[in-house]
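So the structure is just underneath, and the comments pick up after that.
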Amino acid sequence: MSGSRPSRDHYTVLGLRAGASPEQITSAYRTLIRALHPDARPSGPQADAELAEVIDAYQTLHDPLRRSVYDAERDQKRQPAGHPVRIPVRVRSATGTAARPYPQPAAHPRKTAYPAASQSHEDPFDRLMAWLLYSI
């Protein structure tokens with residue numbers, strides 16, 4: 001599918017039903033291309049737009065992957081208006097502050113005793129993770 005949404009349904013552009021076979025899609029495309037080709041009739045902005053619409057419809061429906069994506073989008077648009085929609089919600093804790101999407105830092109960072117040093121040092125991995133997660 002192209003970057004801009006088509007003004008009409010791809011199946012309607014090619015004059016086909018939604019369950020058309022690949023052979024029917026190719027046959028309808030070739031028939032329309034012969035009729036809309038600039039050598040067969042005078043070209044103009046309207047003719048160029050029709051030709052581009054047919055080419056876009058064929059490119060989408062000819063490729064099985066693009067066709068399945070297009071059919072899924074098309075079916076989704078046809079669902080009834082009462083269909084439930086998922087809305088992301090942010091849950092607040094009992095204190096009224098927004099819950100953070102990542103874990104809270106520990107009150108006291110874990111200390112690791114290294115055999116080469118006589119005193120304990122903060123774990124470098126914990127410092128790195130804290131810096132990555134909480135410096136946003």
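Quick note: residue numbers are just sequence positions, from 1.
Qualifying side-chain contact (heavy atoms from CB on, under 4.5 Å) partners for Ser68, counting only residues two or more places apart in sequence or in other chains: Leu65. Shown here are the side-chain contact (heavy atoms from CB on, under 4.5 Å) partners of Asp48, two or more places apart in sequence or in another chain: Ser43. Evaluation of the side-chain contact (heavy atoms from CB on, under 4.5 Å) rule for Pro22 yields no partner, not counting sequence neighbours. With sequence neighbours excluded, the residues forming a side-chain contact (heavy atoms from CB on, under 4.5 Å) with Ala18 are Tyr11, Arg74, listed by chain and number.
In this structure, Glu53 CD and Leu14 CG are separated by 9.5 Å, a value rounded to the nearest 0.5 Å. Note: Asp9 CG to Leu61 CG = 8.0 Å, rounded to the nearest 0.5 Å. To the nearest 0.5 angstrom, Arg17 atom CZ is 6.0 Å from Gln24 atom CD.
Closest approach of Leu36 and Val54 over heavy atoms only: CD1-CG2, 3.6 Å. Residue Ala35 comes nearest to Ala40 through the heavy atom pair O-CB, 4.3 Å, listed as atom of the first residue, atom of the second, then distance.
In this structure, the side chain of Thr60 engages the main chain of Asp56 through a donor-acceptor pair within 3.5 Å.
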Working note: Leu51 + Leu32, criterion side-chain contact (heavy atoms from CB on, under 4.5 Å); need CA distance, chi angles, decisive distance, verdict. CA-CA 8 Å; Leu51 184 64; Leu32 287 170; over 6 Å; no

Quick one, Asp63 with Gln59, criterion side-chain contact (heavy atoms from CB on, under 4.5 Å). Give me CA distance, side-chain angles, the key distance, then yes/no. CA-CA 7 Å; Asp63 182 20; Gln59 287 176 343; over 6 Å; no

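Sorted by first then second residue, the ring-ring contact (aromatic ring centres under 6.0 Å, His included) pairs that include residues 30-61, not counting sequence neighbours, are Tyr29-Tyr58, Tyr58-His62.
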